[in-house]
Number of protein chains: 2
Amino acid sequence: MDGSDVDIIRHFEEYCGLEEDDRALLNELERHPMTLSAGDLLWEEHQTADAFYVLRKGWAYSYRAMNDGTRQVLDVYLPGDVIGLREFSFYKRLSSVAMLTEVSLGRISYRYLISLFGSSHRLTALFFSMLAGQQALLTERLVNVGRRNARDKLAHFICEMYMRLKRVYPELPQHFCMPLSQQMLADILGLSSVHVSRTFSELRETGLVYRDRNRISIPDPELLIRATGFSDHYLHERVSDQLFESETLWQETGLSSRSAAGDRSMAADPD
Amino acid sequence: MDGSDVDIIRHFEEYCGLEEDDRALLNELERHPMTLSAGDLLWEEHQTADAFYVLRKGWAYSYRAMNDGTRQVLDVYLPGDVIGLREFSFYKRLSSVAMLTEVSLGRISYRYLISLFGSSHRLTALFFSMLAGQQALLTERLVNVGRRNARDKLAHFICEMYMRLKRVYPELPQHFCMPLSQQMLADILGLSSVHVSRTFSELRETGLVYRDRNRISIPDPELLIRATGFSDHYLHERVSDQLFESETLWQETGLSSRSAAGDRSMAADPD
DNA sequence: CGGAAAATTGATGTAATTCAAGTCGAGTGG
DNA sequence: CCACTCGACTTGAATTACATCAATTTTCCG
């Protein structure tokens with residue numbers, strides 16, 4: 001993609017305001033990045049899970065391979081996304097993860113995440129938010145795969161990618177690189193690769209989307225969005241800041257405190 | 001269903017060991033249950049989101065309604081499940097939630113959840129785990145909807161329900177109540193209701209599953225599991241206890257500690 | 001330049017949808 | 001208790017959106 005790393009900290013702040021300590025903790029991430037090439041596997045299904053990663057640069061995806069040789073792609077990861085938080089409550093990976101481009105990754109062990117629970121509530125909320133945000137993407141994909149025809153699946157997915165990329169690269173032009181083969185798109189959308197090809201032809205003929213190799217161009221984004229009925233409501237609106245506004249809620253109770261339990265009655269039946 | 005409430009605390013302990021204080025915090029939940037009847041809505045898409053719920057008794061589901069009148073069901077909730085954690089990072093609900101039976105619910109505001117981040121690491125990990133576990137269910141459903149034929153979709157879903165119910169009611173017999181109409185199953189699996197009917201006939205004729213009204217019976221669970229290639233790997237194996245074993249990890253290092261990050265290089269190359 | 005992978009295109013097959021008519025069962029009210 | 005309704009389910013026939021197979025063409029990359 002474009003050569004430069006994404007500023008992870010700035011990106012994260014879109015989810016949740018951070019304080020100095022939080023930034024310091026995150027900076028740790030930046031210090032020992034790991035790089036992989038297109039096609040490399042980060043892990044495979046059933047391997048032991050003990051960490052998650054933050055994608056600092058490049059594209060990646062997770063997938064489940066089926067017995068009959070087909071596969072279903074579960075997530076497409078862009079810079080700033082978190083990979084492998086799903087298995088926090090499992091012993092083993094539920095899906096394989098592979099790289100679509102050269103990538104740069106920061107690793108965070110689950111144990112370190114748990115230690116973060118104790119040291120930064122904001123980072124706890126941040127990763128909580130990212131997990132929730134990913135779930136929102138998944139539910140939208142489920143709707144897409146379960147209830148739309150091929151044209152709408154593809155158009156909707158391209159809309160989603162366009163909007164997600166725009167959040168990472170606000171200057172994104174109307175034609176951009178999407179390093180996904182038609183076979184990959186088929187595996188994402190639950191279609192066959194030849195039908196993806198035909199569907200691209202259809203989108204081209206109706207002037208909605210043009211594709212040349214990996215470059216997508218959307219002559220009129222508004223038109224595409226209307227034609228698809230796309231709504232970006234599931235692409236994150238940060239909320240954590242508000243929730244943190246009344247810091248007293250827990251700050252008065254102190255870090256080590258179980259005393260918050262005493263406040264329980266006050267806070268339990270909220271609002 | 002069966003009349004009695006599920007013991008939420010005991011259920012939660014399957015995810016993560018709890019200490020006395022944690023139990024006290026959770027007990028608060030039990031104090032003001034809310035009851036709704038079959039068909040009632042808990043909320044609708046686009047309503048403001050400020051809390052999640054723990055389902056103490058009964059069945060519920062979430063769904064997205066489409067423009068063309070169809071809909072996609074996103075989750076089916078059983079006792080012990082958590083509803084609405086997904087919108088933690090959003091202003092508004094992403095899906096509607098309705099009841100399938102009479103239910104009992106405990107409410108936890110997002111603000112209270114955040115205060116929990118400060119007062120109990122174990123509960124933080126618990127809710128983190130539940131969110132992750134739900135994501136695992138979603139990914140499996142995505143595979144189901146995207147890559148299987150009608151027979152396998154239905155058989156797989158019934159397997160999943162059987163296994164999930166068995167975790168809640170270990171004594172569950174081989175025939176049990178599943179309060180889902182064929183239309184509902186169609187909305188879950190991305191099929192039409194008439195094809196669900198035909199598919200049940202097929203399962204009946206091959207002796208895998210019998211359905212009478214809302215009662216499902218599985219004469220030979222092992223056979224069904226094999227016929228479907230069902231694997232329960234995505235239905236939770238708790239991991240938190242291990243992660244918490246060496247409590248020193250964060251207790252010693254305290255707030256500013258980097259030391260956990262130092263493990264990175266050691267563990268960076270997974271397995 | 002040459003071989004391989006990705007994409008296109010056409011012909012054919014099929015799993016699932018849609019439409020429509022009819023059955024069954026539960027609940028209601030006379 | 002029976003007749004009525006209403007929703008859930010069943011079954012058949014016609015249609016369709018997609019998959020599969022196969023033959024080319026195009027693009028990539030060493």
Side-chain angles (χ1 to χ4, degrees), chain A residues 37-39 59 61 66-73 98 100-102 144-158 177-206 209-217, chain B residues 37-39 61 66 68-73 98 100-101 144-158 177-206 209-217 228:
Chain A
S37 307
W59 292 48
Y61 68 105
M66 311 291 291
N67 298 330
D68 61 1
T70 66
R71 60 186 200 166
Q72 176 66 46
V73 169
L100 287 161
T101 67
E102 185 177 282
N144 208 24
V145 168
R147 283 289 167 221
R148 282 196 258 258
N149 63 27
R151 192 198 79 124
D152 290 349
K153 283 183 190 186
L154 186 55
H156 188 279
F157 178 76
I158 290 170
C177 176
M178 191 173 80
L180 302 169
S181 69
Q182 295 191 356
Q183 180 59 61
M184 191 68 65
L185 286 164
D187 292 342
I188 292 168
L189 300 172
L191 296 169
S192 68
S193 62
V194 347
H195 203 63
V196 169
S197 172
R198 290 190 227 274
T199 307
F200 265 121
S201 303
E202 188 186 336
L203 289 177
R204 170 166 29 79
E205 279 153 22
T206 53
V209 177
Y210 298 90
R211 182 187 131 115
D212 177 24
R213 167 56 186 155
N214 282 342
R215 297 206 75 76
I216 294 288
S217 91
Chain B
S37 307
Y61 69 106
M66 311 291 291
D68 62 0
T70 65
R71 60 185 200 165
Q72 176 66 46
V73 169
L100 287 161
T101 67
N144 208 24
V145 168
R147 285 286 167 220
R148 282 197 257 258
N149 63 25
R151 192 198 79 125
D152 290 349
K153 284 183 189 186
L154 186 55
H156 188 278
F157 179 76
I158 290 170
C177 176
M178 192 174 80
L180 302 169
S181 68
Q182 295 191 356
Q183 180 61 63
M184 189 69 63
L185 286 164
D187 292 342
I188 293 168
L189 299 173
L191 296 169
S192 67
S193 63
V194 347
H195 202 61
V196 169
S197 172
R198 289 192 227 272
T199 307
F200 264 121
S201 303
E202 189 186 337
L203 289 176
R204 171 166 27 81
E205 279 153 23
T206 53
V209 177
Y210 298 90
R211 182 187 131 114
D212 177 22
R213 169 60 183 153
N214 282 342
R215 298 207 73 77
I216 293 288
S217 91
T228 317

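Below, chain A is the first sequence line, B the second, and so on; all start at residue 1. For clarity, every value in this text was computed on a predicted model and none was experimentally measured.
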If you take all heavy atoms of Leu203(A) and Leu154(A), which pair is closest and at what distance?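 Closest pair (atom of Leu203(A), atom of Leu154(A), distance): CD1-CD2, 3.8 Å.
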
Considering non-hydrogen atoms only, spot the tightest contact between Leu180(B) and Arg211(B) and give its length.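 Answer, listing the atom of Leu180(B) first, then Arg211(B): O-NH1, 3.1 Å.
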
Both Arg147(A) and Phe200(A) contact DNA chain C. Taking the nearest nucleotide for each, which residue is further toward the 5' end?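 Comparing both residues, the 5'-ward one is Phe200(A).
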
Nearest-0.5 Å distance, [atom1] of residue [X] to [atom2] of residue [Y]:
X         : Y         : atom1 : atom2 : value
Leu185(B) : Ser197(B) : CG    : OG    : 11.0 Å
Gln182(A) : Ser193(A) : CD    : OG    : 7.5 Å
Lys153(B) : Ile188(B) : NZ    : CD1   : 12.0 Å
Phe200(B) : Asp212(B) : CZ    : CG    : 11.5 Å
Ile216(A) : Tyr210(A) : CD1   : OH    : 12.5 Å
His156(B) : Asn149(B) : NE2   : CG    : 12.5 Å

Whole-Å gap separating [atom2] ([N]) and [atom1] ([X]):
X         : N       : atom1 : atom2 : value
His195(A) : dT14(C) : NE2   : P     : 18 Å
Arg148(A) : dT17(C) : CZ    : C1'   : 18 Å
Leu189(B) : dA15(C) : CG    : P     : 18 Å
Glu205(A) : dT8(C)  : CD    : P     : 11 Å

Using a heavy-atom cut-off of 4.0 Å to chain A, what are the terminal contacting nucleotides of DNA chain D, in 5' to 3' order? dC18(D) to dC28(D)

With sugar-phosphate meaning primed atoms plus P, OP1 and OP2, does [X] contact a base, only sugar-phosphate, or nothing at under 4.0 Å between heavy atoms?
X         : result
Ser192(A) : base
Val196(A) : nothing
Arg198(A) : base
Ser201(B) : sugar-phosphate

Could you verify whether a donor N or O on one side chain and an acceptor N or O on the other, from Arg204(A) and Ser201(A), lie under 3.5 Å apart? yes

Heavy atoms within less than 4.0 Å of DNA chain D: which residues of residues 149-158 of chain A have one? Give them sorted by number.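 Nucleic-acid contacts, sorted: Asn149(A), Ala150(A).
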
Heavy-atom nearest nucleotide on DNA chain D for Val194(A) versus Arg213(A): which residue maps closer to 5'? Val194(A)

